[in-house]
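Keep in mind it's a predicted model, so treat the numbers as computed, not measured. Note that these values count all heavy atoms, side chains included, but never hydrogens, waters or copies made by symmetry.
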Amino acid sequence: MKKRKSWNKYFMEIAEIVATRSTCDRAEVGCLIVNDDNRIVSTGYNGSISGNPHCNDVGHVIRDGHCIATIHAEINALVYCAREGIPVKGCRVYVTHFPCLNCTKALIQAGIKKIYYKNDYRIDDYAVELLNINNIGFEKI
């Protein structure tokens, strides 16, 4: 009898597949928002605003070492929920890379209760502090 994957492994593998849709080649990031019923409510990947040129087609718009044309995967997943009226309070997030400071703040403000991530990537000490202050669990898997 074949053993089933854990929910964490299953969702992280899906986040990695979502990341392959990224249009910014500086970092391919994928994000899933999952509710308490283990249902995916949203996905997001990093890329340009819909309908705008993509970094992998026309190049990056770099400011202070960051591509400013790119919307991060976590924000894309949250914005879809906001646009469609999908609640995320109490959900958890699976993301291929530890969220940046701004994404961390947005996830906290949206009511995300736990963050699972795969890769350590520019982990901001203040992001970690905010997660701890706000009792938001985060776990590398």
Task: More than 12 heavy atoms of other groups within 6.0 Å of E139 CD - done: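 Atom CD in E139 is packed in, count exceeds 12.
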4.5 Å side-chain heavy-atom contact, [X] and [Y]:
X	Y	result
V95	Y116	no
D124	C100	no
P99	I115	yes
C24	R26	yes

TODO: Report the C-alpha separation of V41 and V34 in whole Å, then their side-chain angles, then the decisive distance to 0.1 Å, and conclude whether the side chain to side chain contact (heavy atoms under 4.5 Å, CB included) test is met.
DONE: CA-CA 6 Å; V41 298; V34 178; over 6 Å; no
Does one hydrophobic cluster hold both [X] and [Y], with members joined at side-chain heavy-atom distances below 4.5 Å?
X	Y	value
Y45	I17	no
F138	I123	yes
Y126	I75	no
V88	L131	yes
I33	I14	no

First locate atom [atom1] of [X], then atom [atom2] of [Y], and finally report the distance between them rounded to the nearest 0.5 Å.
X	Y	atom1	atom2	result
I112	T104	CD1	OG1	11.5 Å
L130	I136	CG	CD1	10.0 Å
M12	N119	CE	CG	8.5 Å
E74	S42	CD	OG	11.5 Å

Open item on the list: Under the salt bridge (charged side-chain N to carboxylate O under 4.0 Å, His left out) test against K118, which residue among E13, E16, E28 passes?
Closed with: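 Testing K118 for a salt bridge (charged side-chain N to carboxylate O under 4.0 Å, His left out) against E13, E16, E28 leaves exactly one candidate, E16.
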Task: Backbone of N35 reached by a side-chain donor or acceptor of R92 within 3.5 Å - done: yes
Task: Donor-acceptor contact below 3.5 Å, side chain N52 vs main chain S48 - done: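 No, because the side chain of N52 does not come within donor-acceptor range (under 3.5 Å) of the backbone of S48.
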Task: Trace of the side chain to side chain contact (heavy atoms under 4.5 Å, CB included) decision for L32 with V93 - done: CA-CA 6 Å; L32 264 65; V93 166; over 6 Å; no
TODO: Heavy atoms only: give me the nearest C31-A77 pair and the separation to one decimal.
DONE: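 Looking at all heavy atoms of both residues, the closest pair is SG-CB, 4.1 Å.
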Open item on the list: Please determine whether side chain to side chain contact (heavy atoms under 4.5 Å, CB included) holds for the pair Y121 and V29, giving the CA-CA distance in whole Å, both sets of side-chain angles, and the decisive distance to 0.1 Å.
Closed with: CA-CA 11 Å; Y121 182 75; V29 182; over 6 Å; no
Task: Pair D36 + K113, salt bridge at N-O below 4.0 Å - done: yes
- [ ] Kindly determine whether F11 and N38 satisfy side chain to side chain contact (heavy atoms under 4.5 Å, CB included), including the steps that lead there.
- [x] CA-CA 9 Å; F11 289 130; N38 289 320; 3.8 Å; yes
Task: Aromatic plane relationship, Y10 with W7 - under 30° parallel, 30 to 60° tilted, over 60° perpendicular - done: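 Aromatic pair W7/Y10 classed perpendicular.
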- [ ] Could you tell me whether Y117 and F98 have their ring centroids closer than 6.0 angstrom?
- [x]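 Yes.
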Open item on the list: Checking side-chain polar atoms at under 3.5 Å, does R21 have a donor or acceptor matched by the opposite partner on N46?
Closed with: no
Open item on the list: Ignoring hydrogens and geometry beyond distance, is a side-chain donor-acceptor pair present between Y94 and N8 at under 3.5 Å?
Closed with: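 There is such a pair (donor and acceptor under 3.5 Å, judged by atom type) between the side chains of Y94 and N8.
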